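Residue numbers start at 1 and run along the sequence shown. On a predicted model such as this, the values are computed, not experimentally measured, just so you know.
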Amino acid sequence: MSALSSHAQPEVAEHAFDPASRAAIYRAMELRRDMRHFAGGRVEPDVLVRLLRAAHWAPSVGFMQPWRWIRITQPEQRQRLHDLVQQERARTAEALGERGEAFARLKVEGILEAAELWAVVLMPERERHVFGRRTLPEMDVASVACAIQNLWLAARAEGLGMGWVSIFDPQQVADLLGCPPGSRPLALLCLGPVQLFYDESMLQRERWAQRLPLREVVFENRWAQPSTLPLRDDAPAA
């Protein structure tokens, strides 16, 4: 009988990371920030490869691996992408109505200042991948989000800031990047050195929104039924 099919009680400690490694993982999650202020500079190629490898280790539904990464190295291409973001920024401010003026004052991207700019594109021909998506086709998007999170945490561990820009028209960006029919850009990622990391979410610091208490988002057995877990927001992660 294989180890996977054994009914023996597993020893959790046998598979757990050592305390220092475990604490480092939780620390990266806690201190990760969506960065909009960058300090120029550069990211060494070997570091970029490590980050991309971390992203490629992400889980994906049906093992479809729907992420595709496009590195933007031409300044004129970066400027065109920045212009598209600014166009959509103006449209978003208008759509927000009363909050439009406050939104217009927020810094929402660092496309021209970041050392690196990457586009993340959802691959074409996803209809072939039915495993895990027959009733939830959006799981391809969820899978790409997992890859982006992996990259984000790895970047924070490397001391690099990263910002996820989603304020753009996907078709305009797809046309600019020459993406094939059926693909869909999901993110422009600003990546690089920063002067400092925000001590809290920038949108929280700017009073745009607040992080919800954990007890408000965790239920038990049924929707809105409170959990019996000791859900404290001030408890240490590790």
Side-chain angles (χ1 to χ4, degrees), residues 24-52 54-55 69-96 99-120 144-145 147-170 172-173 176-177 185-212 237:
I25 291 174
Y26 282 110
R27 181 174 171 80
M29 294 176 183
E30 182 183 4
L31 299 182
R32 180 211 58 80
R33 295 289 182 269
D34 188 1
M35 299 299 298
R36 287 90 186 279
H37 299 82
F38 292 85
R42 68 191 300 266
V43 182
E44 296 297 330
D46 59 332
V47 176
L48 286 175
V49 171
R50 286 202 297 270
L51 298 181
L52 290 167
W69 311 86
I70 301 177
R71 187 187 185 196
I72 310 301
T73 60
Q74 297 175 333
E76 59 272 21
Q77 190 78 323
R78 187 184 287 224
Q79 183 63 56
R80 292 188 191 104
L81 288 167
H82 180 265
D83 293 344
L84 292 180
V85 168
Q86 293 307 306
Q87 292 173 20
E88 179 55 32
R89 176 183 172 90
R91 298 188 191 103
T92 299
E94 183 178 358
L96 282 169
R99 300 199 78 185
E101 186 175 341
F103 171 77
R105 292 195 297 268
L106 294 174
K107 183 171 177 57
V108 297
E109 47 80 21
I111 290 176
L112 299 181
E113 299 85 20
E116 292 279 334
L117 180 64
W118 290 77
V120 189
V144 173
I148 292 173
Q149 177 76 336
N150 269 21
L151 181 68
W152 221 331
L153 295 175
R156 183 62 186 87
E158 297 278 1
L160 297 169
M162 195 180 99
W164 181 342
V165 182
S166 60
I167 301 175
F168 55 79
D169 181 290
Q172 289 182 326
V173 171
L176 182 61
L177 299 179
L186 292 182
L188 295 174
L189 301 181
C190 305
L191 175 71
V194 296
Q195 294 290 353
L196 53 83
F197 285 89
Y198 313 138
D199 56 2
E200 60 180 334
S201 165
M202 198 192 80
L203 291 181
Q204 180 164 289
R205 187 180 66 182
E206 296 294 331
R207 302 297 181 260
W208 182 265
Q210 297 293 313
R211 189 179 302 280
L212 294 171

From CA spacing to verdict: side-chain contact (heavy atoms from CB on, under 4.5 Å), Trp118, Leu151: CA-CA 11 Å; Trp118 290 77; Leu151 181 68; over 6 Å; no

Determine all donor-acceptor pairs shorter than 3.5 Å in which one atom belongs to a side chain in residues 161-169; sequence neighbours excluded.
unit_1 : atom_1 : unit_2 : atom_2 : d
Trp164 : NE1    : Leu186 : O      : 3.4
Asp169 : OD1    : Gln171 : N      : 2.9
Asp169 : OD1    : Gln172 : N      : 3.0

Can you give me the closest heavy-atom contact between [X] and [Y], atom names plus distance?
X      : Y      : answer
Gly110 : Lys107 : CA-NZ, 4.5 Å
Trp69  : Ala147 : CZ2-CB, 3.9 Å
Ala119 : Leu188 : CB-CD2, 3.8 Å
Val108 : Arg89  : CG2-NH1, 2.9 Å
Ala115 : Gly40  : CB-O, 3.5 Å

Working to the nearest 0.5 angstrom, can you tell me the gap between [X] [atom1] and [Y] [atom2]?
X      : Y      : atom1 : atom2 : answer
Arg71  : Leu189 : CZ    : CG    : 13.5 Å
Leu48  : Leu191 : CG    : CG    : 6.5 Å
Asp83  : Arg78  : CG    : CZ    : 13.0 Å
Ile148 : Leu153 : CD1   : CG    : 12.0 Å
Gln86  : Leu84  : CD    : CG    : 10.0 Å
Leu112 : Cys190 : CG    : SG    : 8.5 Å

For His37, the option from Met202, Glu113, Gln195 that meets side chain to side chain contact (heavy atoms under 4.5 Å, CB included):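 The passing option is Met202.
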
Qualifying residues under ring pair (Phe, Tyr, Trp, His ring centres under 6.0 Å), relative to His82, sequence neighbours excluded: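 Scan of His82 (ring pair (Phe, Tyr, Trp, His ring centres under 6.0 Å), adjacent residues dropped) gives none.
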
Minimum side-chain heavy-atom gap Val120-Pro185 below 4.5 Å: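 With C-beta onward as the side chain, the pair stays apart.
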
Side-chain heavy atoms of Arg27 within contact of Glu30, under 4.5 Å: no

Salt bridge (Lys or Arg N to Asp or Glu O under 4.0 Å) partners of [X], counting only residues at least two apart:
X      : result
Glu76  : none
Glu206 : none
Arg33  : none

Within residues 189-204 or reaching into it, pairs that qualify as salt bridge (charged side-chain N to carboxylate O under 4.0 Å, His left out) - sequence neighbours excluded: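 Sorted result for residues 189-204: empty, none.
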
Glu94 atom CD, over 12 foreign heavy atoms within 6.0 Å: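 No, the 6.0 Å shell around CD holds no more than 12 heavy atoms from other groups.
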
side-chain contact (heavy atoms from CB on, under 4.5 Å) between Tyr198 and Arg36, worked out: CA-CA 10 Å; Tyr198 313 138; Arg36 287 90 186 279; 3.6 Å; yes

Audit row: Ile72, Leu177, side-chain contact (heavy atoms from CB on, under 4.5 Å) steps and yes/no: CA-CA 9 Å; Ile72 310 301; Leu177 299 179; 3.7 Å; yes

Parallel, tilted or perpendicular, as decided by the 30° and 60° cut-offs, for the rings of Trp208 and Phe103: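 Because their plane-to-plane angle lies in the 30° to 60° range, the rings of Phe103 and Trp208 count as tilted.
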
Backbone of Ile111 reached by a side-chain donor or acceptor of Glu109 within 3.5 Å: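 Pair found, side chain donor or acceptor close to backbone of Ile111.
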
Electrostatic pair Glu88-Arg91, nearest N-O below 4.0 angstrom: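 Yes.
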
